[in-house]
**Student:** 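First the structure, then my questions, so here it is.
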Amino acid sequence: MKTGIQQIFTVSDELLKDCYMITDQTRPGEAVALYHTLREDIERRGHIMFVFNGAAFPLGFIKGKILQTPDFKLYTPYGIQAKIENLYVDKKYQRAGIGHELLRAYEDYCRDKNVSEIILYGAPTVQASSFYAKNGFHKVNANLLMAKSLVNKTR
């Protein structure tokens with residue numbers, strides 16, 4: 001299956017519906033809130049990336065944000081930080097490398113913006129925690145906050 005990462009700047013109702021369905025599979029309580037903010041985030045900020053198959057259906061997406069001021073002093077006390085708010089992969093395509101592809105694309109995007117570290121907000125599920133750990137994220141406090149330094153690291 002050939003996939004491709006894209007940033008979308010024109011939002012269709014169909015795309016929002018697809019994202020809602022992808023989110024609802026994993027965390028139903030978050031789907032409604034995400035649906036209401038997704039259109040604005042895509043159109044204004046452009047920091048959401050989608051993985052598409054050959055057709056127009058998204059297989060997954062990542063939503064992040066570059067922070068104006070650091071929330072935590074973790075690896076680099078004065079560096080620019082970004083956060084990952086959401087990363088979802090359609091249940092049918094989980095364990096196919098889609099999440100890894102999204103994470104790498106977001107890290108590249110952050111490096112281009114001179115981000116020094118990425119923070120994962122909120123407590124991930126056990127499965128998600130394992131996924132992020134395999135991709136270089138480390139727990140940094142008892143609240144399960146995870147982060148990854150991008151300083152002096154290449155893909």
Side-chain angles (χ1 to χ4, degrees), residues 1-8 15-38 41-42 45-54 57-67 70-77 79-155:
M1 160 180 41
K2 185 176 163 99
T3 61
I5 300 278
Q6 294 179 22
Q7 284 188 277
I8 305 295
L15 178 65
L16 289 175
K17 185 180 108 200
D18 292 341
C19 291
Y20 178 90
M21 290 182 349
I22 289 170
T23 307
D24 194 49
Q25 296 169 355
T26 309
R27 292 200 169 182
E30 294 180 16
V32 173
L34 184 67
Y35 181 82
H36 292 297
T37 63
L38 203 54
D41 285 343
I42 295 168
R45 298 186 191 103
H47 59 258
I48 300 175
M49 298 172 189
F50 298 87
V51 172
F52 288 90
N53 59 9
F57 181 77
L59 306 179
F61 64 95
I62 187 169
K63 176 183 173 201
K65 181 177 184 179
I66 294 177
L67 303 172
D71 277 3
F72 303 94
K73 292 181 179 180
L74 301 173
Y75 299 113
T76 55
I80 299 171
Q81 292 178 331
K83 68 178 178 178
I84 294 175
E85 295 174 344
N86 308 98
L87 189 156
Y88 292 102
V89 175
D90 189 307
K91 257 192 171 162
K92 295 178 289 214
Y93 301 100
Q94 289 179 357
R95 301 196 183 280
I98 303 287
H100 179 78
E101 190 176 344
L102 280 167
L103 199 51
R104 291 285 90 66
Y106 188 67
E107 288 175 12
D108 289 345
Y109 170 81
C110 288
R111 280 188 188 94
D112 289 345
K113 305 282 187 202
N114 296 316
V115 170
S116 59
E117 59 198 9
I118 299 174
I119 300 168
L120 177 64
Y121 274 52
T125 63
V126 173
Q127 181 182 0
S129 192
S130 174
F131 163 78
Y132 285 108
K134 288 178 187 173
N135 283 281
F137 283 74
H138 304 280
K139 289 181 183 175
V140 293
N141 68 13
N143 295 327
L144 300 178
L145 176 74
M146 297 181 82
K148 180 177 183 177
S149 173
L150 298 180
V151 178
N152 298 326
K153 291 186 181 183
T154 57
R155 215 179 151 187

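Being a predicted model, the structure only gives us computed values, none of them experimental.
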**Student:** Specify the closest pair of heavy atoms between Ile22 and Pro58, including all atoms of both residues, with the distance to one decimal.
**Tutor:**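 Shortest heavy-atom separation between Ile22 and Pro58 comes out as CD1-O, 3.4 Å.
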
**Student:** With sequence neighbours left out, write down each residue that passes salt bridge (Lys or Arg N to Asp or Glu O under 4.0 Å) with Lys134, or none if nothing qualifies.
**Tutor:**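 Here no residue qualifies.
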
**Student:** If you measure from SG on Cys110 to CD on Gln81, what distance do you get to the nearest 0.5 Å?
**Tutor:**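 So the SG of Cys110 and the CD of Gln81 are separated by 11.0 Å.
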
**Student:** Please tell me whether Tyr88 and Gln25 have a donor and an acceptor in their side chains that are separated by less than 3.5 angstrom.
**Tutor:**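 No.
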
**Student:** Taking all non-hydrogen atoms of both residues into account, name the closest pair between Lys65 and Tyr106 and its distance.
**Tutor:**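 Scanning both residues completely, I find the closest heavy atoms to be N-OH, 3.1 Å.
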
**Student:** Is the shortest distance from a Lys or Arg side-chain nitrogen in Arg104 or Glu107 to a carboxylate oxygen in the other one below 4.0 Å?
**Tutor:**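 Answer for the salt bridge query: yes.
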
**Student:** With rounding to the nearest 0.5 angstrom, report the CD to CG distance, Glu30 to Asn86.
**Tutor:**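 One finds 6.5 Å between CD of Glu30 and CG of Asn86.
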
**Student:** Roughly how far, to the nearest 0.5 Å, is the NE2 atom of His100 from the CG atom of Leu102?
**Tutor:**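 Output value for this atom pair is 10.5 Å.
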
**Student:** Measure the spacing between CG of Leu120 and CG of Asn135 and express it to the nearest 0.5 Å.
**Tutor:**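 Between Leu120 CG and Asn135 CG, I get 11.5 Å after rounding to 0.5 Å.
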
**Student:** What I'd like to find out is whether the side chain of Phe131 reaches to under 4.5 Å of the side chain of Leu103, using heavy atoms alone.
**Tutor:**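 SC-SC contact between Phe131 and Leu103 confirmed.
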
**Student:** First locate atom SG of Cys19, then atom CG of Asp24, and finally report the distance between them rounded to the nearest 0.5 Å.
**Tutor:**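 Rounded to the nearest 0.5 Å, the SG-CG separation comes to 12.5 Å.
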
**Student:** Do Val151 and Glu117 have side-chain heavy atoms sitting under 4.5 Å apart?
**Tutor:**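 When only atoms from C-beta onward are counted, Glu117 and Val151 do not touch, as no gap falls below 4.5 Å.
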
**Student:** Minimum heavy-atom separation for Thr23 and Ala31, please, with both atom names.
**Tutor:**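 That closest heavy-atom pairing would be CG2-CA, 3.7 Å.
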
**Student:** Should Lys83 and Lys63 count as side-chain neighbours, where that means a heavy-atom distance under 4.5 Å?
**Tutor:**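 No. Closest side-chain heavy atoms not under 4.5 Å.
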
**Student:** Measure the shortest side-chain to side-chain distance between Leu145 and Ile119 over non-hydrogen atoms and say whether it is less than 4.5 angstrom.
**Tutor:**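 Touching, per the 4.5 Å side-chain cut-off.
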
**Student:** Can you tell me how far the CG atom of Leu87 sits from the CD1 atom of Ile62, to the nearest 0.5 Å?
**Tutor:**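 So the CG of Leu87 and the CD1 of Ile62 are separated by 4.5 Å.
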
**Student:** List the atom of Lys139, the atom of Ser129, and the distance in Å for their closest heavy-atom pair.
**Tutor:**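 Heavy atoms only, the tightest pair is CE-OG, 3.8 Å.
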
**Student:** Show the nearest heavy-atom pair for residues Phe137 and Ile84, with the distance to one decimal.
**Tutor:**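 Reported closest heavy-atom pair: CZ-CD1, 4.1 Å.
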
**Student:** Got Tyr109 and Ile66 here, is their nearest side-chain heavy-atom distance under 4.5 Å?
**Tutor:**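 Yes, their side chains come closer than 4.5 Å.
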
**Student:** How close do Lys113 and Ile80 get, heavy atom to heavy atom, and via which atoms?
**Tutor:**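 Shortest heavy-atom contact: O-CD1, 4.0 Å.
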
